[in-house]
Amino acid sequence: MTESAVVLPESVSAGRHDHGMVQMKIAITGGASAGHVVPALAVGDQLAALGAELVFFGRDGSIEHEYALRAGMPFRHVPAAGLRRHRSWDSNLAMPVTVTRGILAAFKALRGERPDVLFSKGSYVSVPVGIAAALLRIPVVIHESDRTLGLANRILARLSTTVCLSAPLPDDAAGWLRAKAQVTGLPLRSDLADGNPERLRARLQIPHRTPVLLVFCGSSGSRRINDAVRAQLDALCARFTVVHVCGRGNADNSLISRPGYVQLEYLHDEMPDALALADLVIGRAGATTLAEAEALDLPAVLIPLPASVSRGDQIENAQAYAARRVGRCVVIPDDDRLTGGAALSKACEDLVPALGDRRTSADRALVHVAAARIAQITVAAARPSRSS
């Protein structure tokens with residue numbers, strides 16, 4: 001038996017058909033960014049492999065809606081809104097109304113779907129669904145990617161059966177949280193080990209003679225990082241072929257024919273190919289980005305979101321990652337040092353000695369370990385009325 005095999009506890013065995021599949025419906029929620037949705041769907045893949053019926057709860061027309069549809073998963077719309085430090089007070093004052101609407105919508109949808117358990121991957125999208133599930137006495141299992149709980153997971157942790165974690169809790173964590181916590185690791189995208197670098201190289205017509213620098217900052221990109229990359233393009237292209245995933249609507253038409261520079265607004269199914277093709281990456285410091293880079297042993301230049309527009313989790317992530325990846329990671333603050341000089345090109349140059357000694361594919365068994373563990377925990381938490 002491999003480490004990644006799913007072993008269901010005896011309490012779940014009664015909920016299995018004779019052919020070894022579980023008989024239950026499982027709701028999934030989480031969204032707002034690929035960093036939440038991709039791990040959620042990785043867990044969904046493991047649950048589906050066990051035979052569970054799945055339904056995804058999120059915002060209509062959102063990234064979670066797009067990904068769920070691509071995965072062939074039924075989707076239920078729930079209004080949601082989060083507190084944005086960089087938005088207006090008017091927007092934040094409207095948040096309680098939207099959250100209340102979301103709870104009512106989620107309550108109605110969950111009562112209609114009658115899932116046995118809810119798996120929540122976090123972000124503000126998950127809050128109304130998690131609260132509605134608790135009101136309906138549906139067990140809730142949550143997962144936190146970062147080293148500390150985000151606001152949504154701090155709310156839902158009190159209501160949850162199990163809190164799955166990517167890393168151990170800090171020493172000062174509350175006793176009630178420790179009692180619910182299980183360290184599972186972070187679920188990686190199911191196709192991470194399937195990347196084919198030559199497939200994308202051929203499509204983008206990238207020569208073999210220069211190393212590839214992959215720049216990506218999530219589905220919406222980052223204007224500041226895009227500007228910094230383009231301002232230092234001469235230096236970067238002198239050393240690398242730059243594949244720049246700049247975010248939807250962020251392409252610079254004046255650079256379309258620039259030698260050594262490829263712009264892509266977004267990558268979905270081809271992201272594993274891009275990660276396998278890359279020799280070096282520039283990106284944010286979300287937990288999913290770091291986990292994928294580490295699984296592929298990719299040298300990385302990290303530019304964490306500043307505390308002015310976040311809770312500072314990416315800064316903590318980047319510092320911890322760089323400490324254990326000495327010589328293979330450089331962290332640049334998102335401030336004037338990023339936009340006012342040659343910080344990016346210098347950081348990439350500093351990492352050149354680390355190029356060429358990495359693996360181009362992840363260990364297939366290890367890719368699925370965390371998602372399989374979380375699927376096991378989620379199935380075990382299901383209420384007995386439907387699973388027995």
Side-chain angles (χ1 to χ4, degrees), residues 34 37-38 41-42 45 63 66-67 69-72 188-222 225-226 229-230 232-284 288-289 291-301 328 344-345 348-349 351-352 354-368:
V37 183
V38 170
L41 292 180
D45 286 343
I63 187 170
E66 175 190 347
Y67 275 57
L69 291 179
R70 282 178 174 267
L188 298 172
R189 58 185 305 145
S190 301
D191 56 356
L192 184 64
D194 301 325
N196 183 333
E198 297 311 312
R199 179 167 53 200
L200 188 61
R201 186 189 297 275
R203 184 174 84 78
L204 300 180
Q205 299 182 339
I206 295 174
H208 285 84
R209 63 180 178 271
T210 57
V212 173
L213 169 62
L214 175 65
V215 184
F216 66 99
C217 297
S219 55
S220 58
S222 164
I225 294 176
N226 289 346
V229 167
R230 289 164 180 156
Q232 299 172 51
L233 208 49
D234 287 344
L236 292 172
C237 289
R239 173 69 76 170
F240 304 94
T241 294
V242 179
V243 177
H244 187 180
V245 185
C246 57
R248 292 187 174 104
N250 294 329
D252 185 337
N253 292 333
S254 69
L255 296 171
I256 289 176
S257 300
R258 172 69 159 81
Y261 180 64
V262 179
Q263 290 181 102
L264 301 166
E265 290 196 356
Y266 189 60
L267 284 175
H268 192 281
D269 295 338
E270 290 179 305
M271 195 62 191
D273 293 351
L275 289 168
L277 176 63
D279 296 285
L280 173 66
V281 296
I282 293 175
R284 290 297 193 188
T288 298
T289 295
E292 291 176 350
E294 189 160 17
L296 291 167
D297 197 26
L298 266 169
V301 177
R328 302 187 70 79
L344 275 182
S345 57
C348 292
E349 191 67 31
L351 288 174
V352 165
L355 307 185
D357 61 345
R358 58 164 293 247
R359 54 187 176 270
T360 57
S361 63
D363 184 303
R364 188 175 300 278
L366 292 178
V367 163
H368 302 296

How many angstroms lie between atom [atom1] of [X] and atom [atom2] of [Y], to the nearest 0.5 angstrom?
X: Leu200; Y: Asn196; atom1: CG; atom2: CG; result: 9.0 Å
X: Leu233; Y: Leu344; atom1: CG; atom2: CG; result: 11.0 Å
X: Arg203; Y: Glu270; atom1: CZ; atom2: CD; result: 4.0 Å
X: Asp191; Y: Asp273; atom1: CG; atom2: CG; result: 8.5 Å
X: Arg239; Y: Leu355; atom1: CZ; atom2: CG; result: 8.0 Å
X: Ile225; Y: His244; atom1: CD1; atom2: NE2; result: 8.0 Å

Backbone N or O of [Y] within a donor-acceptor pair of the [X] side chain at under 3.5 Å?
X: Glu265; Y: Gly249; value: yes
X: Asp279; Y: Val212; value: yes
X: Glu292; Y: Leu192; value: no
X: Arg248; Y: Tyr266; value: no

Can you name the closest pair of heavy atoms from [X] and [Y] and give their distance?
X: Ala291; Y: Leu188; value: CB-CD2, 3.5 Å
X: Leu214; Y: Ala278; value: CB-CB, 3.7 Å
X: Ser345; Y: Ala235; value: CB-CB, 3.8 Å
X: Ala354; Y: Pro299; value: O-CG, 3.8 Å
X: Leu255; Y: Arg230; value: CD1-CG, 3.7 Å
X: Leu277; Y: Arg201; value: CD1-NH2, 3.3 Å

[X] vs [Y] side-chain heavy atoms within contact, under 4.5 Å:
X: Arg328; Y: Asp297; answer: yes
X: Val215; Y: Phe240; answer: no
X: Arg364; Y: Asp194; answer: yes
X: His208; Y: Glu198; answer: yes
X: Val229; Y: Asn226; answer: no
X: Arg284; Y: Ser222; answer: yes
X: Leu204; Y: Thr241; answer: no
X: Arg189; Y: Thr288; answer: no

Apply the side-chain contact (heavy atoms from CB on, under 4.5 Å) test between Leu213 and each candidate in Val243, Val301, Leu236; give the one that qualifies.
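Of Val243, Val301, Leu236, side-chain contact (heavy atoms from CB on, under 4.5 Å) with Leu213 is met by Leu236 alone.
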Go through Arg70 and Asp269 one step at a time and tell me if the side chain to side chain contact (heavy atoms under 4.5 Å, CB included) criterion holds.
CA-CA 10 Å; Arg70 282 178 174 267; Asp269 295 338; 3.6 Å; yes
Query raised in the report: Would you call Arg258 and Asp234 a salt bridge, using N to O less than 4.0 angstrom?
Result: yes
Could you walk me through whether Leu264 and Phe216 pass the side chain to side chain contact (heavy atoms under 4.5 Å, CB included) test, one step at a time? CA-CA 10 Å; Leu264 301 166; Phe216 66 99; over 6 Å; no
